[in-house]
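Here the structure is laid out as structure tokens; the discussion comes afterwards.
Every chain is numbered from 1 and lettered A, B, ... according to where its sequence line falls, protein lines coming before strand lines. Side-chain atoms are counted along with the backbone in the values below, which use heavy atoms only and exclude waters and symmetry mates.
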Amino acid sequence: MREGSDAVSNAISEGPKPRVRIAPSPTGDPHVGTAYIALFNYVFARKTGGTFVLRIEDTDQERYTAGSEAAIFEALHWLGLQWDEGPDVGGPRGPYRQSERLPLYREQVAVLLAKGEAYRCFCTRDRLDEVRKQQLADKSPVLGYDGHCRAVDPADAVRRAEAGEAHVVRLRVPREGVTSFVDHLRSEPIVFENRLVDDQVLLKSDGFPTYHLANVVDDHFMGITHVIRGEEWITSTPKHVLLYRAFGWEAPAFYHLGLLRNADKSKLSKRKNPVSVFHYRDLGYLPETMLNFMANLGFSLGAEVERFTVAQMIEHFDWSKVSVGGPVFDPAKLESFNADDIRAMSVDQLYERLQERVLAPARIKAMLAQAQERVHRLDDFIPYLSFFFGGSVDYAPVRDKLKPVSGKSGKETAELLDTYAQEIERDNAARSFTAPALEAFSREFCQRHAVKPKELFMLLRLAVTGRTASPSLFDTMAICGKDRCRTRIRDVVVYLRTLA
RNA sequence: GGCCCUGUUGUCUAGCGGUUAGGACGUUGGCCUCUCACGCCGAAAGCCCGGGUUCAAUUCCCGGCAGGGUCACCA
């Protein structure tokens, strides 16, 4: 744990009310890492009587996926991390979606351009690639833009821009000196040499701001006082500090939290761990348990207390109790916490919880519709529906049926299934996980990969249900839900890889 | 590779110069018990390494090493 010179600013003090924010990007499923950062922002805001802002960073046209903004709201709501200002609840510093703030960024870029703190760059991608290749070949310690367009006469640059020549706007980073900032979670100031800092692109050629620009401009105009985010941002913080300086604004206080890790210590990723908040929700982890578990990853209430509520965390929160060594996200411990909490409930409470999601009437009815024509007695429904529940399924009874598709090895079949799971994420329709979309996608997938639908579908059926006979594969998948299917497909991928 | 961050049992952590280094998950032995689970009792397992500073370093300083992050017109 850090201490010393910074002890004073580490303490939570009075003064103007803090304003903090989380700024997720609507790409894919809401990530537990986002929830983790949100928790610390939320707790800090509540502790200090400050304001917790939710801002949507949707400046990347390429990666934007429909529906994921709503998914972020849903995930955060499930956890109970309510924000005070945001796209859905409004607030005095809106709008809270970056795509709705475009004029502001352009205006601010113009200011920088006028001050000479930024410049237009007309370099083509090809030239940029060349420069990079050369730097790599020369083993240059300095990787990045070479400043070619710094020399372009500003008046000339305006003319070219007005003539419609494609360009970006870059920050003019000082070539000399250092940029340093204080990270209030670490004892020493963090220092970067300016010559190693790239002339960051501020405005892309499509007129959208980059993260760096939008982030700084928004944090400033939204009055953000404390930036609490993941450690992955430390290296870009000097760019942000330089930007604040270029604008003549005061920078907020920075707190970089350690990154959640996989068991092998790499940054938590969906290849190695379930990372969707919905995965945990749908498999029946309790939101308060999730929160308590995540809180323990970097925050400690005291020597021998690890089970506590968010309210208790708020009550005792202090930055001196936060550690930053990237913690491994250990699902086994989460599970143990969850089991404890389930045990602590009354049967009535448990019954209530079950009805909220696991036994939600709409969900049960969807299952019954599938089982109706396949079951003879009412009492058979429950065992028949078993594969709609739980995480992994037992493949022992169908082990001999779990084999490579014709013409492929086990390993190749494993990769095929893995690709299938990944491509679902990238397909706009399939990602929604409705039966028709899944079917269309799956048939198209078979065609593209030259696999017989019959074979792939059986493999999927076995993976998802652990049975050779089931209701329509795609209805089954849709009802099981994306995360449950993904878990099971992953199980089979792992198994198939062990085959020749 | 350059730069940056981090470094207490396998994992999450407490510790802030002197402790039998504490707790939790996991592993493991036993008790309880019709079984399982729960519960209870016990065990193994840790201060990354090397130099300093000090009467005394897990703790402070320096250097290594290891892990991670980052080097985009992605965030």
Answer with base, sugar-phosphate or nothing: what part of the nucleic acid does [X] contact at a heavy-atom distance below 4.0 Å?
X      : result
A:F192 : sugar-phosphate
A:V201 : sugar-phosphate
A:R307 : nothing
A:R170 : sugar-phosphate
A:G144 : nothing

Counting side-chain heavy atoms from C-beta on, which of [options] comes nearest to [X]?
X      : options                : result
A:T59  : B:rA75, B:rC5, B:rG69  : B:rA75
A:S336 : B:rC12, B:rC5, B:rC25  : B:rC25
A:A332 : B:rG22, B:rC25, B:rU13 : B:rC25
A:R125 : B:rA75, B:rC73, B:rU13 : B:rC73
A:D340 : B:rC12, B:rG39, B:rG22 : B:rG39
A:S205 : B:rC5, B:rC73, B:rU70  : B:rC73
A:V324 : B:rC12, B:rC74, B:rU6  : B:rU6
A:K265 : B:rC5, B:rU13, B:rU11  : B:rU11
A:R343 : B:rG23, B:rC73, B:rG39 : B:rG39
A:S300 : B:rC73, B:rU13, B:rC5  : B:rU13

Say you pick atom [atom1] in [N] and the same atom in [M]; how far apart are they, in whole Å?
N      : M      : atom1 : result
B:rG17 : B:rC60 : P     : 8 Å
B:rA21 : B:rU58 : P     : 11 Å
B:rA14 : B:rG23 : P     : 15 Å
B:rC41 : B:rC25 : P     : 12 Å
B:rG68 : B:rU8  : P     : 15 Å
B:rC73 : B:rC65 : P     : 32 Å
B:rU20 : B:rG26 : C1'   : 24 Å
B:rU59 : B:rG7  : P     : 12 Å

Nucleotide forming a Watson-Crick or wobble pair with [N], both distances under 3.5 Å:
N      : value
B:rU28 : B:rG42
B:rC60 : B:rG52
B:rA14 : none
B:rG67 : B:rC5

Exercise. So do the side chains of A:R101 and A:Y96 get within less than 4.5 Å of each other, counting heavy atoms only?
Worked result: no
Spacing of [X] atom [atom1] relative to [N] atom [atom2], expressed in whole Å:
X      : N      : atom1 : atom2 : answer
A:E306 : B:rU13 : CD    : P     : 11 Å
A:I234 : B:rA75 : CD1   : C1'   : 16 Å
A:F299 : B:rG15 : CZ    : C1'   : 16 Å
A:R261 : B:rA66 : CZ    : P     : 16 Å
A:L202 : B:rC74 : CG    : C1'   : 15 Å
A:E69  : B:rA75 : CD    : P     : 16 Å
A:L260 : B:rG69 : CG    : C1'   : 14 Å
A:L257 : B:rG68 : CG    : C1'   : 15 Å

For this session: Mind telling me whether A:F293 and A:F329 have parallel, tilted or perpendicular rings, with 30° and 60° as the class edges?
Result: perpendicular
Problem set entry | Derivation of the ring-ring contact (aromatic ring centres under 6.0 Å, His included) call for A:F44 and A:H226 | CA-CA 10 Å; A:F44 178 67; A:H226 298 67; 4.8 Å; yes
For this session: For the residue pair A:S320 and A:D318, confirm or rule out a side-chain donor-acceptor distance under 3.5 Å.
Result: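 Yes, A:D318 and A:S320 have a side-chain donor paired with an acceptor closer than 3.5 Å.
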For this session: Measure from the ring center of A:Y211 to the ring center of A:H240 and say whether it is less than 6.0 Å.
Result: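 Centroid separation for A:Y211 and A:H240: below 6.0 Å.
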Exercise. Toward the 5' end of RNA chain B, which comes first, A:T235 or A:P189, by nearest nucleotide?
Worked result: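 First, find each residue's nearest nucleotide; the 5'-ward one identifies A:P189.
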Exercise. Between A:V191 and A:Q98, which is nearer to the 5' end of RNA chain B once each is assigned its nearest nucleotide?
Worked result: A:V191
Exercise. Are A:R93 and A:F221 in a cation-pi setup, meaning NZ or CZ lies under 6.0 angstrom from the ring centre and within 45 degrees of the ring axis?
Worked result: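 No, a cation-pi geometry is absent between A:R93 and A:F221.
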Problem set entry | Electrostatic pair A:E57:A:R55 at N-O distance under 4.0 angstrom |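 Salt bridge flag = yes for A:R55 with A:E57.
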Exercise. OP1 or OP2 of B:rU70 sitting under 4.0 Å from any side-chain N/O of A:K267?
Worked result: yes
Exercise. Any side-chain N or O of A:K204 under 4.0 Å from OP1/OP2 of B:rA75?
Worked result: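 So the side chain of A:K204 is within the cut-off, an N or O lying under 4.0 Å from OP1 or OP2 of B:rA75.
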Exercise. Per the side chain to side chain contact (heavy atoms under 4.5 Å, CB included) rule, which among A:L196, A:I190, A:T179 passes with A:P238?
Worked result: A:T179
